[in-house]
Amino acid sequence: MLVWAIRFIDEFAGDIQAAWAENRRLTALAHAAKATDRARIALEEFLLPMVRTGTPLPSVRLHGRTRLSHIYVAAMTGASLTQTDGFSTRHGLRALATQRPGPCPMEVPVSGKIDGQPWRERMDFGEAAELMRHLGTAAVIVILYLSGMRPQEVQGLRSGCCPDPEPGADGVPGRHLIRSHHFKGVTDDDGHRVSAGEVRDVPWVAITPVVHAIRVLERMVPEGELLLSASHHDFVRRIAYHGALKNTALNERVEDFVAWVNRETKAQGRPDHIPEDPHGSIGLSRFRRTLAWHIARRPGGLIALAIQYGHLRTVLDARTSSGYANRSRRGIHGVLDVETALAAADTAARLRDSAAAGENLSGPAARRALTAAAQVPRFKGRIVSSTFVRKAAAFLARDGVVLFDNPDAFLICAFKRDSALCDPEPHANTPRQYACRPGCGNAVRTDTHARLLRERADEIHQLSAHAPEPVSKRMRINANKLRETADSHDATAQTAGALT
Ligand code: SF4
């Protein structure tokens with residue numbers, strides 16, 4: 001879903017917003033047109049050949065029904081809406097359009113691409129409003145997913161909240177910061193909850209995809225307006241509402257976005273549909289925990305791939321970035337700590353199980369990792385109390401004892417700051433797993449890792465047969481390195497009994 005949302009923002013947004021502008025222009029033309037004989041002739045010349053030859057008629061879907069697009073036809077021919085309506089009635093075009101619905105192509109260039117191919121042949125008049133709705137939803141998904149903000153905080157964002165940073169003394173622009181309201185735990189002097197929230201004294205850091213999403217929303221609303229203003233996001237009915245889109249509306253829009261993507265992938269025969277979620281619909285409240293889960297457990301995984309770099313933790317983590325939110329462990333940082341601690345406990349449990357099953361261990365930190373694994377409690381469930389946030393932060397602060405699974409490097413990292421080769425920040429409690437280096441003193445491998453290394457080497461070797469040189473050569477070298485690492489494990493690994 002995140003990949004598709006980023007695709008909307010980075011690839012489709014320009015086309016969709018241009019299509020919407022054209023839709024508005026044609027709609028204004030149609031409403032302003034006067035009934036003339038010339039327009040009547042143009043109307044006949046435009047529609048009658050379609051009726052006679054069985055060509056599909058320009059149609060839109062409105063409130064679940066397909067109908068002739070009177071506005072599009074009027075704009076194309078110069079006829080008034082009354083004239084178009086009368087013509088449609090006389091020739092039975094309403095029924096005909098239901099049987100033969102056709103596109104309403106607009107003269108808008110298409111520049112967005114998927115896999116190097118244009119994502120649309122033409123932008124369609126009838127689809128513009130729906131695409132604008134999905135574009136707004138895509139922006140919400142990107143911001144919620146990649147900023148760690150709460151839904152209410154995103155709903156409170158206004159146009160202009162994230163200005164481009166000024167260059168620093170060294171000429172390098174600083175980070176984008178989002179200045180806005182926060183709501184959780186905001187009370188007045190008497191301890192009463194302040195529902196309007198307050199301006200957060202420490203801004204949120206915005207990574208590039210979030211900045212792009214905010215820019216897209218800023219083009220949808222007037223300056224200073226709420227980025228999710230309900231009035232400006234009602235593209236179909238154009239009704240004036242008060243405030244921002246509510247949670248229920250946004251939840252519904254996320255579901256509609258998923259449905260659109262899955263219709264599109266099916267129609268185009270693409271494999272990258274959004275799979276059904278076994279835990280039910282994707283409510284807004286799930287985004288922060290999901291982000292934390294990915295950062296804690298898949299540091300080089302899908303989210304990192306989607307945004308093309310894997311240092312989200314560095315950006316989001318208060319302890320290691322620019323003093324951002326360093327006043328507390330509230331917000332995304334607390335969620336991230338909890339998820340990281342749970343992931344570390346799972347890793348410790350797996351290591352204990354592997355050792356108990358007779359697997360051998362190798363690596364400079366093997367003994368330390370075994371001792372650490374024996375001390376870490378096993379978490380049976382996933383419901384965490386508020387006090388667990390503090391406990392999780394304290395647990396992660398124990399340098400040298402916390403175990404991080406690093407599936408991309410086929411190892412467990414018994415992270416000790418001073419011996420880490422991945423260049424962690426001075427006070428970091430977590431390794432930069434995406435920058436893992438061979439030969440690090442914190443690495444531990446089990447027989448399972450050695451097996452996975454060989455399986456991956458075989459995979460790469462097979463793929464290299466179909467790759468051109470010199471890529472193929474590099475792939476073979478890479479595969480050989482993986483095999484050497486597995487061989488080195490076999491040559492040096494010891495049983496848990498021998499290590500303790
Ligand atoms: S380089 Fe060392 S500390 Fe960093 S992730 Fe790899 S094993 Fe862990």
Side-chain angles (χ1 to χ4, degrees), residues 292-305 309-317 319-321 336-337 339-352 354-355 359-373 375-376 392-393 395-453 456-457 478 481-494 499:
W293 189 94
H294 275 274
I295 295 172
R297 292 165 194 263
R298 293 283 183 277
L302 256 185
I303 286 192
L305 282 178
Y309 55 88
H311 62 271
L312 256 178
R313 178 189 287 278
T314 314
V315 174
L316 290 175
D317 197 317
R319 290 163 301 211
T320 57
S321 70
L336 191 49
D337 281 347
E339 208 53 56
T340 305
L342 289 173
D346 284 350
T347 304
R350 273 202 305 278
L351 183 63
R352 283 199 303 266
S354 304
E359 287 204 36
N360 298 316
L361 278 75
S362 72
R367 183 167 287 118
R368 179 156 55 83
L370 267 182
T371 314
Q375 297 169 2
V376 177
F395 169 67
L396 294 176
R398 294 166 65 202
D399 192 35
V401 196
V402 186
L403 304 183
F404 294 88
D405 189 21
N406 195 345
D408 298 321
F410 301 96
L411 56 80
I412 288 171
C413 167
F415 180 63
K416 202 168 199 196
R417 215 167 21 245
D418 291 346
S419 46
L421 293 187
C422 53
D423 199 18
E425 301 279 334
H427 303 292
N429 288 342
T430 52
R432 299 199 313 150
Q433 282 143 290
Y434 57 90
C436 189
R437 298 269 177 277
C440 178
N442 293 339
V444 183
R445 286 200 170 87
T446 61
D447 291 344
T448 300
H449 289 119
R451 178 174 53 77
L452 293 173
L453 277 162
R456 182 67 188 136
N478 189 9
K481 275 191 191 149
L482 296 181
R483 286 197 191 102
E484 281 165 22
T485 308
D487 291 345
S488 149
H489 166 84
D490 290 350
T492 57
Q494 292 176 273
L499 285 165

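All ligand and atom numbering here is 1-based and tracks the order in the structure. Values reported hereafter were calculated over all heavy atoms of this structure, with side chains retained and with hydrogens, waters and symmetry mates removed.
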query = What distance separates H489 NE2 from T446 OG1, expressed to the nearest 0.5 Å?
reply = 6.5 Å
message = I need the atoms of ligand 1 closer than 4.0 Å to a non-hydrogen atom of C422, numbered in the order shown.
response = 1 (S), 3 (S), 4 (Fe), 5 (S)
ask   = Should you measure from each heavy atom of A420, which atoms of ligand 1 turn up under 4.0 Å away?
value = 3 (S)
task = Write out the residue and atom name of the closest protein heavy atom to atom 1 (S) of ligand 1, then the distance separating them to 0.1 Å.
result = R437 N, 3.4 Å
ask   = Is the backbone N or O of N360 less than 3.5 Å from a side-chain atom of D447, with the two atoms forming a donor-acceptor pair by type?
value = yes
task = Any atoms of ligand 1 less than 4.0 Å from a non-hydrogen atom of C436? List them with their elements.
result = 1 (S), 5 (S), 6 (Fe), 7 (S)
ask   = Is P431 touching ligand 1 with its side chain, its backbone, both, or neither, if touching means heavy atoms under 4.0 Å apart?
value = side chain
task = State which residue, out of I412, T347, T430, N442, fulfils the side-chain contact (heavy atoms from CB on, under 4.5 Å) condition with F404.
result = T430
inquiry  = Could you work out, for atom 8 (Fe) of ligand 1, the closest of C413, G441, A443, A409 by heavy-atom distance?
reply    = C413
request  = Report the residue from T448, L411, L482 that forms a side-chain contact (heavy atoms from CB on, under 4.5 Å) with L453.
outcome  = L482
inquiry  = To the closest 0.5 Å, what do you measure between SG (C413) and CG (N406)?
reply    = 7.0 Å
ask   = In Å and rounded to the nearest 0.5 Å, what is the CZ to CG distance from R432 to D423?
value = 5.0 Å
query = Does C440 bring an N, O or S atom to under 2.8 Å of atom 6 (Fe) of ligand 1?
reply = no
